[in-house]
Every structure is written in C-alpha cells, then in structure tokens.
Amino acid sequence: MIERKLAEVSDEMKRVREDLRVSGEQLEHFTGEADEARIRALVSETPMAEQDFQEAHRHAETMRRHHDDLENRLAELETRQDALLDQMMS
C-alpha cells in the first residue's frame with residue numbers, strides 16, 4: 001500500500017517537475033515581453049503602448065503565479081514522499 005502511494009507521488013513529482021520546466025521557459029518569455037512593452041510604453045507615451053504593457057504585464061504575472069503554484073505543489077509532494085518513506089521505515 002505504501003509502495004503504491006510512493007509510486008503515485010513519484011509519478012506526480014515527475015509531471016510537476018516537467019510542468020515547472022515548461023512554465024519557467026514561458027515565464028521567461030512573458031517577462032521579457034512585458035519588459036519590452038514597458039520600454040515601448042515609456043518611449044512612445046501613447047495610450048495604446050501603455051495598454052500593451054498592461055496586458056503583457058498581466059500575462060507575465062499570471063504565469064508567475066502558475067509557476068509559484070507548481071513550486072508549492074512540488075514542495076507538498078516532497079513532504080508527502082518524506083512522510084511515506086518515514087512510514088515505510090517504521
């Protein structure tokens with residue numbers, strides 16, 4: 001029973017790690033887009049450029065929250081794995 005739970009946790013950890021890798025790349029992309037849009041908004045000082053920046057910034061923040069959620073999920077899984085290993089050793 002514990003071995004099966006450990007295998008399930010391990011499989012989920014693998015999936016979350018892969019999702020973290022992908023979301024890290026996406027976060028880097030969206031953050032770069034937001035930085036570029038911010039500079040364009042500062043230089044052009046137009047409402048359209050400011051709107052573009054706000055939208056890019058929202059996308060980057062959404063991806064940052066998603067990435068943070070994945071990091072938290074991985075930490076939870078690691079804690080669960082440690083608890084299962086402790087049970088197994090008892």
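In this structure, the separation between OG on Ser44 and CD1 on Ile39 is 12.0 Å, given to the nearest 0.5 Å. The line from OG1 of Thr79 to CG of Leu84 is 11.0 Å long, rounded to the nearest 0.5 Å. With values rounded to the nearest 0.5 angstrom, His66 atom NE2 is found 11.0 Å from Thr62 atom OG1. We find the CE-CD distance between Met1 and Gln87 to be 9.5 Å, quoted to the nearest 0.5 Å. One distance of note links CZ of Arg17 with CG of Leu70; it measures 12.5 Å at 0.5 Å rounding. Note that CD of Glu33 and CG of Asp52 are 10.5 Å apart. Values are rounded to the nearest 0.5 Å.
Residue Leu74 comes nearest to Val16 through the heavy atom pair CB-CG1, 3.9 Å, listed as atom of the first residue, atom of the second, then distance. For the pair Ala49 and Arg40, the tightest heavy-atom approach, listed with the atom from each and the gap, is CB-O, 4.1 Å. Considering every non-hydrogen atom in both Ser23 and Leu20, the closest pair reads OG-O, 3.2 Å.
Under the 4.5 Å side-chain heavy-atom criterion for grouping Ile, Leu, Val, Met, Phe, Trp and Tyr, Leu77 is not connected to Val22 through any hydrophobic cluster.
Of the possible donor and acceptor atoms, none in the side chain of Ser10 sits under 3.5 Å from a partner among the backbone N and O of Leu6. For the pair His59 (side chain) and Glu55 (backbone), a donor-acceptor distance under 3.5 Å is present.
Atom CD of Glu71 has more than 12 heavy atoms from other residues, nucleotides or ligands within 6.0 Å. More than 12 non-hydrogen atoms from other residues, nucleotides or ligands lie less than 6.0 angstrom from CD of Glu8.
The pair Glu61-Arg64 meets the salt-bridge criterion, with a side-chain N (NZ, NE, NH1 or NH2) lying under 4.0 Å from an Asp/Glu carboxylate O. With respect to Arg21 and Glu25, a salt bridge is recorded, a charged nitrogen being found less than 4.0 Å from a carboxylate O. Here Lys14 does not pair with Glu18 in a salt bridge; the nearest charged N to carboxylate O distance is not below 4.0 Å.
Taking His57 as the reference, Phe53 meet the ring pair (Phe, Tyr, Trp, His ring centres under 6.0 Å) condition, with sequence neighbours excluded. Shown here are the salt bridge (charged side-chain N to carboxylate O under 4.0 Å, His left out) partners of Glu12, two or more places apart in sequence or in another chain: Arg73.
Taking 4.5 Å as the limit, some side-chain heavy atom of Arg80 sits within range of a side-chain heavy atom of Lys5.
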